[in-house]
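Lettering of chains follows the sequences in order, A, B, ..., and the numbering in each one begins at 1.
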2 protein chains.
Amino acid sequence: MTNAKAFAALADPTRREVFERLSRGPRAVGDLANDLPVSRPAVSQHLKVLKEAGLVTDRPDGARRVYQIDPQGLGQIRAWLDQFWDVALEAFKAEVERQADEEDDKP
Amino acid sequence: MTNAKAFAALADPTRREVFERLSRGPRAVGDLANDLPVSRPAVSQHLKVLKEAGLVTDRPDGARRVYQIDPQGLGQIRAWLDQFWDVALEAFKAEVERQADEEDDKP
DNA sequence: ACTTACGGTAAGTAATGACTAACGCTAAAG
DNA sequence: CTTTAGCGTTAGTCATTACTTACCGTAAGT
């Protein structure tokens, strides 16, 4: 279950911010750090976490290093969520009906 | 953006475990704690977090309290992920082609 | 060769969070 | 009315982590 890393990665607000910016196109580390409220090393560390979670990939570009979104980690989370989606809706419907029955007995 | 709470909630392994068990049917707190490696208060605190994230709902059942999955929080995360899904796949395809072109120049 | 630009890593710190033990409250049972 | 069962809350502790500063390696420009 590597989806653990993906969830932990996206749990941090700064990391979600980085991820959202990368969704608008590949960017270099310093470029990302420029319009973020944290230092460049912080961004670098966040990117490392995102990379190990399969959420981004990186490629060298001269002295720079360009990061972009990786659909793999995204897919893992989606698969895990979809596993519960149907049963969740079903349970929700059952609960609504159960509450309706409760209303019939009380008032 | 309440999806922040949902992501933070599902980032914890124990909380994901609780969530998975609830997906197999509504359960009471002590019942959940019985086959989990943590104490009952811990489970209670986790359920509070899940509840504030819109991932579970609770209803009183005599002296007990029954929890079950709430599709709301699940839907928020899914919506957030779907926002990136298409662009992520597109970016991935572009990257594959870019690497192919790079192979043509080097060897 | 020297300098500048760009990033990853190490070390240290402050804050967040997951957990247990102890207490208090409400609802059924006796 | 007293007792028991089931939960939520509080306080305190230990581990995790997000962050900064400082340092080192690598690539391009002069």
Side-chain angles (χ1 to χ4, degrees), chain A residues 1-2 4-22 25-68 70 102 105-106, chain B residues 2-22 25-70 73 102 105-106:
Chain A
M1 304 299 170
T2 319
K5 287 186 180 179
F7 269 115
L10 292 179
D12 183 73
T14 303
R15 234 135 42 197
R16 276 199 308 277
E17 191 70 32
V18 170
F19 188 75
E20 290 188 11
R21 312 224 172 184
L22 286 181
R27 313 254 308 257
V29 181
D31 187 23
L32 283 167
N34 273 339
D35 51 12
L36 280 175
V38 295
S39 69
R40 184 193 52 74
V43 174
S44 198
Q45 291 164 2
H46 284 311
L47 286 169
K48 183 180 181 181
V49 175
L50 289 171
K51 183 181 176 182
E52 289 175 347
L55 287 164
V56 303
T57 53
D58 61 335
R59 100 180 91 99
D61 176 27
R64 304 189 314 172
R65 188 154 272 264
V66 176
Y67 284 80
Q68 75 171 32
D70 182 359
E102 199 175 57
D105 297 351
K106 264 303 177 72
Chain B
T2 319
N3 72 14
K5 288 187 179 179
F7 269 116
L10 292 178
D12 183 73
T14 303
R15 237 141 32 202
R16 277 200 307 276
E17 192 69 32
V18 169
F19 190 75
E20 290 187 10
R21 312 225 172 181
L22 286 181
R27 310 231 339 236
V29 181
D31 186 22
L32 283 166
N34 272 339
D35 51 12
L36 279 176
V38 295
S39 69
R40 184 193 52 74
V43 174
S44 199
Q45 292 165 1
H46 284 311
L47 286 169
K48 183 179 181 181
V49 175
L50 289 171
K51 182 181 176 183
E52 288 175 347
L55 287 164
V56 303
T57 53
D58 60 335
R59 101 180 90 98
D61 177 27
R64 303 191 313 174
R65 189 154 272 266
V66 176
Y67 284 81
Q68 75 170 31
I69 286 190
D70 182 359
E102 197 174 59
D105 296 351
K106 264 300 177 70

Rounded distance [0.5 Å steps], [atom1] in [X] versus [atom2] in [Y]:
X	Y	atom1	atom2	answer
B:Arg16	B:Arg21	CZ	CZ	13.5 Å
B:Asp58	B:Lys48	CG	NZ	12.0 Å
A:Lys51	A:Asp70	NZ	CG	11.0 Å
A:Gln45	A:Arg40	CD	CZ	10.0 Å
A:Leu47	A:Arg65	CG	CZ	11.0 Å

Using atom [atom1] of [X] as one end and atom [atom2] of [N] as the other, report the distance to the nearest whole Å.
X	N	atom1	atom2	value
A:Arg65	C:dG7	CZ	P	10 Å
B:Leu47	D:dT9	CG	C1'	14 Å
A:Arg59	C:dC6	CZ	P	17 Å
B:Leu50	D:dC7	CG	P	16 Å
B:Arg64	D:dA5	CZ	P	14 Å
B:Leu36	C:dA18	CG	P	15 Å

Q) Would you say B:Ser44 reaches D:dC7's phosphate, i.e. side-chain N/O to OP1/OP2 under 4.0 Å? A)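 No.
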
Q | Below 4.0 Å: OP1/OP2 of D:dG8 and any side-chain N or O of B:Tyr67 | A |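 B:Tyr67 to D:dG8 OP1/OP2: side-chain N or O found under 4.0 Å.
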
Q.
Within the 4.0 Å limit for protein heavy atoms, which parts of nucleotides 17-30 of chain D are touched? Write it as a string from 5' to 3', B for base, S for sugar-phosphate only, - for none.
A. -SBBBB----SS--

(Q) So A:Leu22 and A:Leu32, do their side chains get closer than 4.5 Å, heavy atoms only? (A)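 A side-chain contact exists here, since the closest heavy-atom pair is under 4.5 Å.
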
